[in-house]
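Working notes, beginning with the structure itself.
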Amino acid sequence: MRVFTATLATETNTFAPMPTGLASYRDVGYFPAGQHPNQLTFFAAPLWALRQRASARGWQVVEGLVAMAQPSGTTTRVAYETLRDELLADLRAALPVDMVLLGLHGAMVADGYDDCEGDLLQRVRQIVGPDVVVGAELDPHHHLSDAKVRHADLLIAFKEYPHSDILDRAYELVDLCAALVAKKIRPVAAVVDCEMITMIHTTREPARGFVDRIKAMEGKGGILSISVTHGFPWGDVPDMGTKLLVYADGDAAKAQRVARALADELIGLREALAPPSPGIDAALDEALAFDGGPVVIADGADNPGGGAPGDSTFILRRMVERGITNAALGPLWDPGAVCIAFDAGVGATLMMRLGGKIGPLSGDPIDLRCTVEALKPDMQMTGLGGSMQPLGDCALVEAEGVDIVLITQRSQAMGTDLFTQLGCDLASRKIVVVKSSQHFYAAYSKVAKHVIYASAPGVVTGDLKSLPYRKIKRPKWPL
């Protein structure tokens with residue numbers, strides 16, 4: 001069997017201030033055809049899974065473009081069309097193929113394209129024709145459009161949030177698509193719109209039990225695959241929202257029944273899915289009152305993984321104003337401050353202006369007397385599924401009893417080595433503030449005695465009613 005694989009992925013926050021251009025993809029992960037490294041990268045899991053399966057089964061794999069960008073604002077038209085056309089040219093050069101497997105996000109929006117992946121899959125289908133199997137792996141925070149479902153034979157989303165199962169889902173995609181090529185299965189899809197917006201943390205009930213039941217249903221009674229579209233609330237496009245996608249083996253009515261039943265169950269759980277989210281001072285009070293530590297506070301509103309700059313100062317400012325010490329915070333995106341720290345050198349103490357650079361939702365810059373504790377060029381952090389996340393040049397500075405990790409390449413907190421590589425011992429801290437919504441949990445829950453999801457200002461605000469939606473379909477709970 002001859003298989004083509006490629007990746008084009010980013011998550012677009014249409015309310016974020018910074019556009020996503022070609023440089024954004026080259027900074028995070030741009031590998032022309034055949035140049036992907038010998039390690040797992042986040043959205044190229046189908047490529048990695050294919051390498052393993054192909055070596056065991058004698059398949060021929062043609063690797064096309066792999067391009068990924070850190071979530072941010074709308075992708076520029078020239079960036080999307082340039083990368084899309086490069087991927088499609090790689091596909092044409094690979095023909096004939098039996099199967100096309102893509103690593104996508106599913107919430108990519110570009111200037112002039114509300115549904116980039118739907119557009120891409122339509123063009124892939126036009127090139128390969130109706131008989132070639134086309135499948136894609138998606139992030140669950142995608143927008144499930146008719147175009148995506150219509151032009152792909154199989155779409156499989158990660159089930160876990162944090163996304164610890166990227167490789168498991170990639171193997172599932174490869175194996176089901178291979179079975180389809182062999183005509184052992186005949187997937188038919190059903191989609192049910194829950195008409196709501198929700199974030200489904202699979203590390204806690206009731207979402208944990210819901211996902212476990214879904215996993216137990218797959219492969220039984222003719223049900224091939226079930227994916228929960230959480231949706232991405234910060235993408236203002238017509239298809240945004242929570243949906244159920246079910247593939248049954250040749251039985252459209254069964255797929256519809258199962259999708260409807262699961263959607264109804266999820267709707268019934270919606271009030272309980274989101275964790276409590278106290279304001280900044282209430283979160284700090286709760287952390288200080290907790291017996292022991294470290295207490296991890298998630299600053300999800302400034303999560304670069306959702307398109308925020310990662311430079312907000314709201315929580316840091318209140319910690320300093322309240323005299324809170326024995327704390328750590330990171331990562332704070334501030335390339336200028338990192339440059340100054342590198343020039344000053346380890347051990348230097350100097351006044352520094354930190355954060356608050358991009359816009360009003362970043363807060364004001366904060367001026368602090370900082371001591372440079374550690375420097376590391378070209379640092380990487382352990383990401384999800386064993387992938388590595390580049391952070392660029394990084395500095396650890398101490399100010400007013402708070403250790404602050406400064407980075408030059410935007411990223412959310414994932415691995416605890418964000419701090420430990422720079423000599424910051426998290427176990428000895430009372431409070432650790434991370435700029436992340438939920439992906440931090442996979443690693444930080446292993447050291448945290450308590451976790452708090454704070455509600456703060458930011459581009460990825462949890463106050464969805466404050467967002468100026470124009471394109472989404474309504475009704476859409478809780479709006």
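- Salt bridge present: Arg125 and Asp153 bring a charged side-chain N and a carboxylate O closer than 4.0 Å.
- Leu104 CG to Leu120 CG: the interatomic distance, rounded to the nearest 0.5 Å, is 6.0 Å.
- Inter-residue side-chain proximity for Ser445 and Thr203 is flagged as unmet; no heavy-atom pair is nearer than 4.5 Å.
- No side-chain donor from either of Ser436 and Asn303 sits under 3.5 Å from a side-chain acceptor of the other.
- A search for ring-ring contact (aromatic ring centres under 6.0 Å, His included) contacts involving Trp234 returns Phe232, not counting sequence neighbours.
- Using modelled atom types, one finds no donor on one side chain facing an acceptor on the other under 3.5 Å when comparing Glu218 with Tyr247.
- A salt bridge is defined here as a Lys NZ or Arg NE, NH1 or NH2 lying under 4.0 Å from an Asp or Glu carboxylate O, and Arg169 with Asp165 meets this definition.
- Under the 3.5 Å distance criterion, the side-chain polar atoms of Tyr441 are left unmatched by any main-chain donor or acceptor of Pro162.
- In terms of modelled atom types and a separation under 3.5 Å, the side chain of Asp311 and the main chain of Ile358 share a donor-acceptor contact.
- The aromatic rings of His163 and Phe158 sit tilted relative to each other, their planes meeting at an angle between 30° and 60°.
- Legend: side chain to side chain donor-acceptor pair (under 3.5 Å) pairs involving residues 376-388, not counting sequence neighbours, sorted by first then second residue: Lys376-Gln421, Thr382-Asp417.
- Using bins of under 30°, 30° to 60° and over 60° for the plane-to-plane angle, the ring pair His439/His141 lands in the tilted bin.
- Remark: Asp403 engages Arg429 in a salt bridge, criterion side-chain N to carboxylate O under 4.0 Å.
- Between the side chains of Ser312 and Asp302, at least one donor-acceptor pair of N or O atoms lies under 3.5 Å.
- Thr242 and His230 form no side-chain donor-acceptor contact under 3.5 Å, judged by distance and modelled atom types alone.
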Worked check of ring-ring contact (aromatic ring centres under 6.0 Å, His included) between Tyr80 and Tyr25 | CA-CA 10 Å; Tyr80 171 60; Tyr25 291 87; 9.3 Å; no
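- At a threshold of 4.0 Å, the pair Lys435-Asp299 counts as salt-bridged, since one of the basic side-chain nitrogens sits closer than that to a carboxylate oxygen.
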Yes or no on salt bridge (charged side-chain N to carboxylate O under 4.0 Å, His left out) for Arg410 and Asp27, after CA distance, side-chain angles and deciding distance?
-> CA-CA 10 Å; Arg410 289 172 56 246; Asp27 284 347; over 6 Å; no
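- Salt bridge absent: Lys215 and Asp168 never bring a charged side-chain N and a carboxylate O closer than 4.0 Å.
- Residue pairs that meet the side chain to side chain donor-acceptor pair (under 3.5 Å) test with at least one member in residues 3-16, sequence neighbours left out, are Glu11-His105.
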